Every structure is written in structure tokens, then in C-alpha cells.
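Input: a single structure, listed below in C-alpha cells.
None of the values given here were measured: they were computed from a predicted structure. Chain naming here is simple, since letters A, B, ... match the order of the sequence lines and numbering starts at 1 in each.
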Amino acid sequence: MLGKRNHSGSVPPNGKKKLRKRSTVELVPESEQIFQGKVFYYVPPDDKAQPRRIRINKAIKFGAAWTTELSLSTTHIVVDKTLTFKDVMTFLKLETLPSNIIMVSEDYPIDSIESRFLLDPKQKQYTVSGYQEMSKVERAAPPSPTMSEHASEDTAALKQPPSHSKELVHGSEIDDTSARVQISQPQNHDMDDHKKMIKLARSMEHIPINDEDDDQEDDIPPSRDQSDESGSDVEPRRPSSHNRPKSKRKGSRNLSFNQEGFTCMTGGTGITTDSNPNARTIEILQKMADYYVETKDHWRQSAYRKTIGVLRKQNTKISSYDEAIRLPTIGHRLALKIEEIVLTNGLRRLNDVVSDPRFHVLQTFMNIYCVGINQAWNWVQQGHTSLEDLKAHVSLTKNQQLGIEHYDEFLTRIPREEVTALGNFVRDAAVSIDPKVEVIIGGSYRRGASSSGDIDFILTKRSTTSSQELLEFLTSLTNHLTKVGFLVAALLTPSQTGSKWHGCCVLPGILKSIWRRIDFLLVPGSELGAALIYFTGDDIFNRSIRLLASKKGWRLNQRGLYKDVLRGPGRVRLNEGSLIEGADENKIFAALGVPWRPPEQRICN
DNA sequence: GACCAGGTCGC
DNA sequence: GCGACC
DNA sequence: GGTC
Ligand SMILES: O=c1ccn([C@H]2C[C@H](O)[C@@H](COP(=O)(O)OP(=O)(O)OP(=O)(O)O)O2)c(=O)[nH]1
Ligand SMILES: [Mg+2]
């Protein structure tokens, strides 16, 4: 289930996207759209059968969104009359029906349309056989008969497949709303949520938030399997050169690309220019990016993140489509979105997926170390709602158990001073074991951050040419640090050819010390430059510079910069390539034609 | 319509 | 091979 | 989501 597929989700030049809201469907006037804000998941989840296709189109016409992937935004499961409640649950691999989802027979939408009102789904003729009234216990009341509105409204879609699943069709998305109160300050209590969302977002990054009504079409996520993909990360846009010869892409890589457009060429400081004129826009885009977590549209999320990074660097307010479209990584749709955000001061209707309790549960679960979107969603679907639930009812890996035990600790940022202190402790121990070993703190600390999510150490030694030469040292170090009470848990240990160790540590002697995540990377002297680039990040910067290398037919990883890399279909690497440089950070930048920038200027996220 | 970084480790 | 993480 |  999860995704791995790709498809693209792009939009044809003229614009529309794939989320089709059924391109051929003409919606009835808004006042008659009784399913506005409702998201229907049909079982079976396709429109291959003619009758079902007609019914689905009709529902869409009356305002419904159709999803082929069960998600947090799904409001109704519409079931074929030949199926029973049990069939559906088995098909969806669910034990209990999420409390916000109403299961109805396929007659429900039709009859509602005929009566021009949302009917009461609890009426016997619409219940699915075997669907007992568990509903009354659980949920308050589904939409009442005559009202078309109801609490749920819409929401962004969080989608996840039961076991397969696919597209969401029209979508529910987040949109803006100037009228609504906003999202603007959301952050307070969300501080925490915010981080979670980023995790969500990062992991899956995909999902469509859409504009509300732009009715046109854009909304649906990629249909099909899962996410779409397209470039989100680091990418360049070529300035002007129009007609360049179309390179033949086949076996040969496309040699023409705009290096200046790569994020790594300009870097970033992470500082939102004081009172950045685009702060509000950034805020909204961040929200949108966060919500995309729901689905698995990893690339879309990436695109939003890049745009945020670009806006952060601007000293002037980007208000119009034309100003926005000139900026790297901002294309047609994001430019439109930016203009609209500025004009309306917000999203018209950022759905509140956030108000869906399951969304919070999802976030809670995803914040467990070693729990990602897939696992979290499965648990949510199974009806689990708390960490206690998980402890009692699901099987957890060792790391996940630790993640739950130290849930809050792992989410607590580490002040820079403490990182420095932890670093000194490790350095002292390392040097006492092998004076020739050098200890470098990388990660956000090396970029100058005032607080870090974890501590990243590079353990290196000049004379070495392979990380294995340092394995013995690592063992001594971790043993020692464990003995003295500094290391308190191991999460991942290097396998024979390995070069990394992950675990938890505390500053010994402190009464209530907080468990901190700590990572060691073994680096031979010959690879130090590449390792520094890697471990210094940030991740966006790394992806950018690595993509740039690949455009040149090279490859950059934590060990070095390689040339003559052959790639097959799907960019699959066919050989190792030959080393250009690994030891010197500066030389790698130079070889790539990237102006040197210190760690503090590699903050692109 | 292809592609969006490249890798390690656990299960 | 997939999921999660760096 | 964007780029080519
Ligand atoms: O997907 C990723 C994640 C991380 N890194 C690199 C860059 C990053 O700087 C370093 C350390 O990872 P970590 O997750 O610790 O990030 P950080 O930059 O140190 O931030 P934080 O303060 O959250 O630890 O590993 C990548 O190349 N790709
Ligand atoms: Mg870190």
C-alpha cells in the first residue's frame, strides 16, 4: 500500500490538472449542490461499471468529491447493493468504521438528489446490510435530513488507501477563505502540530489542497495510484533560451539545464527577513504544505516547501502573478495561489482537516520515532486513537516502543548550548580512546541553529580511507559512553560495512535529563568533504546539489563526487562512476560550479 | 509524460 | 521489497 | 507542485 508508484501529476500546458473533477461533468448551480463538501468513496472504488460511473458523475454534479482512496476527508462510503457491511469492512481492512464516515447504500445519493436535500442516511433503505446501528452510539448525528450542511464541511483530503486505492476526484481541498477567521495565528498551540505536519509532509508529501472553487479543475490529486510526482525539489528554470534543440533524451541526458535556478546555487539563511513582507503568504503556504500530508503526494509538498524557501529570501512583497512567476520554482499555479493569498489575505477555505479528530491522531502517531505516514494511517484506520491504545493493541518494533516511551523527549528541541556540551562530552571520550580521531558536530548545529532536533556527529580520522577502519573505534566509543551513562539506548547499529550508529543520550549527572537523539557517522579522511556536505545539509540543499550533479552526468553522495555515471531507464544508476573528489568540501563545490557557501548559508528549508 | 538525491538499516 | 530515517 |  503505500506508495511507490508514481505517476505524474502534472498539468497539461493549458492548465488543468488531473484531479479532474470529472472534466465532462457540469455542476449544478451552487445553491443546488447538496453534496458540497462531501467526499464519497465508492465500493468498489472505480467507475468501470457503467451504472456506477453514471451515479458517481451525478453525485459530482451535485457537489460531491469522489475519492478512490479512503482518507480523512472522506465523509461517506457508498456501497454497491450487492455488498454487505462485512464485505466492505473486509475489503477496506477495517475493524471498525471511523466515526466520521457514514456508510450508505448506493441509493442514498440518488434519492438525495431527487429530493434535493441530503436525506437521513440512517433511514433503513440506505443502510448497508449488516451495518447495525453502531452508528447511534458512536456519532452524534449525521447530517440531518434537511440540512445540507453539517459540521464536516470539507477538508483536505488525507488519503490513504485501504489496500489499493486511487484517485480522488474532485476534490476537497483546502482553500482559502478570506472570510474565515483564520489560520493565521495558528501556530501557537500548534507549534507542536506544526512539527508533526512537517514530518507528515515530508514523508509523504503529496496531497492536494485545492482551491476552493476554482472550479475548474484542478483539484484532484493525481489520480491513480497515488501520488504524482513531479519535480518539487530542487529545480531550475531556464531563463530564456527558448528554442534550444530538443535534446534527445533517450540514452543521453539532457545537457541543457539552468544551473542558476538550483536552490543550492543561492542557498539561504533560514532567517525570515525581519518582518518579511511575505510572512503571511509563507504562513498560508506552509499550512497548505502541511495539509498535503494527508495524501501521499510527496512531490506537491516538496514544491510548496521550495516556494516557501524562495519567498523567505525576498525582501519585497510578492503580490502579483507576474512577480511570483519570475521566481525560481514558482510556476503558474503557485503564482496564482500567491496572488490570491495576497488579495484575500488567506485561503478561502482552508479546510479543517485539523478539526477532524483523526487528523490529530494521525499526527500524534506520526510523531513516534520510526512511525511514518503508512503505519500511522493504518492504525488510525483500525480505530486506534491514543498512544495507550497502540501500546495495548498493536505490535510495535523495538524502536517504536522507545519512541512512545520517550515521545515528548524526542520532540523536544535541544538548545545550542546543550548540543555544545554534549559535543564536548563525546569529544573528550573519543580523544581518550583514539587521539587521532576528530569529532565534528554537523547537522543543524553546524549551520548555526540556535536549537537542534538531534545531535549529528561525524567521527573521522585523517589517515583512513574506509569507514570500516573506524568501526572498532566506534564500538569502543559507544561501549564507553554507555558505561558512563551518556548513551542510554541504541536504535540502530552499523552492520559490517556500516558507517552509522543511532541512539539516545543524556548528559550524565543531571537529575531530570531529557533523552536526546544522537547520530554518529563514521567518515574516512578521504571522504570528509562529501560527508560534511551531506551531514551539514540541510536536506533541501543536499537534494538540490545532488540533482545538479546528476544533471551533469555525475553523482554526489556522502562519500564523494563521481563522474562518468551511466544511468538506465528511470535514471537507475548502472555503474559507480569514477571519483572526482571526496576529501575537500570546497573542491566539490568548485567542481560543480556552485559558489562556496558556508553552512549558515545552506538553510534552504 | 518522465523525472524530482542518494543512501542505510530493520523487518 | 518496503518503510522510515538521515 | 515545477521543469524539460
Ligand atoms: O532526508 C534527509 C535528511 C537529512 N539529510 C542530511 C542533511 C541533514 O543536515 C543531516 C542530518 O539530518 P537531521 O535529520 O539531523 O537534520 P538536521 O539538519 O540536523 O536538523 P535537526 O535540527 O532537525 O536535527 O542529514 C539528508 O541528506 N537527507
Ligand atoms: Mg540533526
Side-chain angles (χ1 to χ4, degrees), chain A residues 1-4 6-12 17 199 202-210 218 221-222 227-238 241 244 246-247 249-250 253-254 256-258 261 264 285 288-289 292 297-307 325 328-335 337 366 368-376 378 395 397-400 403 442-443 453-454 456 491-495 497-502 517 519 521 530 534-535 537-551 555-559 562 567 569-571 573:
Chain A
M1 59 182 47
L2 330 163
K4 17 212 60 245
N6 11 291
H7 348 347
S8 53
S10 32
V11 179
K17 326 207 113 223
K199 176 181 178 180
R202 288 175 95 126
S203 61
M204 327 213 74
E205 303 179 343
H206 50 295
I207 280 202
I209 287 177
N210 251 340
D218 335 294
S227 24
D228 8 13
E229 40 228 97
S230 354
S232 48
D233 232 7
V234 172
E235 279 247 320
R237 168 181 325 212
R238 113 183 295 86
S241 53
R244 57 182 177 293
K246 293 179 141 205
S247 51
R249 324 190 151 213
K250 220 103 297 101
R253 85 192 94 100
N254 181 356
S256 71
F257 58 90
N258 174 21
C264 63
L285 291 177
M288 296 176 78
Y292 275 121
D297 189 348
H298 151 103
W299 299 115
R300 192 176 301 230
Q301 197 179 341
S302 233
Y304 275 77
R305 277 214 287 158
K306 281 203 296 187
T307 291
I325 195 78
T329 82
I330 296 180
H332 175 250
R333 304 202 73 224
L334 272 164
K337 206 149 275 181
M366 286 192 50
I368 300 168
Y369 184 71
C370 288
V371 174
I373 184 74
N374 296 296
Q375 184 69 268
N378 286 341
S395 76
T397 66
K398 203 177 101 203
N399 286 356
Q400 287 166 348
D454 68 359
D456 304 293
L491 299 169
L492 174 160
T493 52
S495 66
T497 70
S499 58
K500 53 174 61 170
W501 190 95
H502 294 172
R517 280 278 298 102
D519 297 346
L521 183 68
Y534 163 59
F535 231 35
D538 61 18
D539 55 340
I540 297 291
F541 180 87
N542 287 352
R543 289 164 67 175
S544 175
I545 196 168
R546 288 174 178 207
L547 180 63
L548 174 60
S550 80
K551 297 285 189 199
R555 167 173 68 119
L556 176 63
N557 64 15
Q558 55 270 52
R559 287 192 275 278
Y562 301 80
R567 300 183 124 103
R571 266 182 94 264
R573 199 183 80 234

How many Å lie between [atom1] on [X] and [atom2] on [N], as a whole number?
X        : N      : atom1 : atom2 : answer
A:Trp501 : B:dG10 : CH2   : P     : 12 Å
A:Phe257 : D:dT3  : CZ    : P     : 16 Å
A:Gln558 : B:dT8  : CD    : C1'   : 8 Å
A:Arg573 : B:dA5  : CZ    : P     : 15 Å
A:Arg567 : B:dA5  : CZ    : P     : 11 Å
A:Asn542 : C:dC5  : CG    : P     : 18 Å
A:Ile540 : C:dC6  : CD1   : P     : 15 Å
A:Lys551 : B:dG6  : NZ    : P     : 10 Å

Is [X] near enough to [N] that one of its side-chain N or O atoms lies under 4.0 angstrom from OP1 or OP2?
X        : N     : result
A:Arg543 : B:dA5 : yes
A:Ser495 : B:dC9 : yes
A:Arg517 : C:dC5 : no
A:Asn557 : B:dA5 : no

Taking the side chain of [X] as heavy atoms from C-beta outward, which of [options] is closest to it?
X        : options               : value
A:Arg555 : C:dC5, C:dC6, B:dG6   : B:dG6
A:Thr397 : B:dC11, B:dG6, B:dG10 : B:dC11
A:Leu547 : C:dA4, B:dC9, B:dA5   : B:dA5
A:Arg559 : B:dT8, B:dC9, C:dC6   : B:dT8
A:Asp519 : B:dG6, C:dC6, B:dG7   : C:dC6
A:Cys370 : C:dC6, B:dC9, C:dA4   : C:dA4

Which part of the nucleic acid does [X] contact within heavy-atom distance under 4.0 Å: base, sugar-phosphate only, or nothing?
X        : result
A:Gly443 : nothing
A:Gly570 : sugar-phosphate
A:Asp456 : sugar-phosphate
A:Thr307 : nothing
A:Leu556 : sugar-phosphate

Taken to the nearest 0.5 Å, the spacing of A:Asn399 CG from A:His502 NE2 works out to 10.5 Å
Rounded to the nearest 0.5 Å, the CG atom of A:Leu556 sits from the CG atom of A:Leu548 at a distance of 9.5 Å
Polar pair under 3.5 Å, donor/acceptor by atom type, side chain A:Tyr369, base C:dC5:
no
**OP:** Could you walk me through whether A:Arg543 and A:Ser302 pass side chain to side chain contact (heavy atoms under 4.5 Å, CB included), step by step?
**Re:** CA-CA 11 Å; A:Arg543 289 164 67 175; A:Ser302 233; 3.6 Å; yes
Partner of D:dT3 under the Watson-Crick or G-U wobble criteria, both distances under 3.5 Å, comes out as B:dA2
Using modelled atom types and a 3.5 Å cut-off, is there a donor and acceptor pairing between side-chain atoms of A:Asn542 and backbone atoms of A:Tyr534? yes
Taking the side chain as C-beta and beyond, is there a heavy-atom pair between A:Tyr562 and A:Arg573 under 4.5 Å?
no
In terms of heavy-atom contacts, A:Trp501 and A:Pro494 come closest through CD1-CD, 3.8 Å
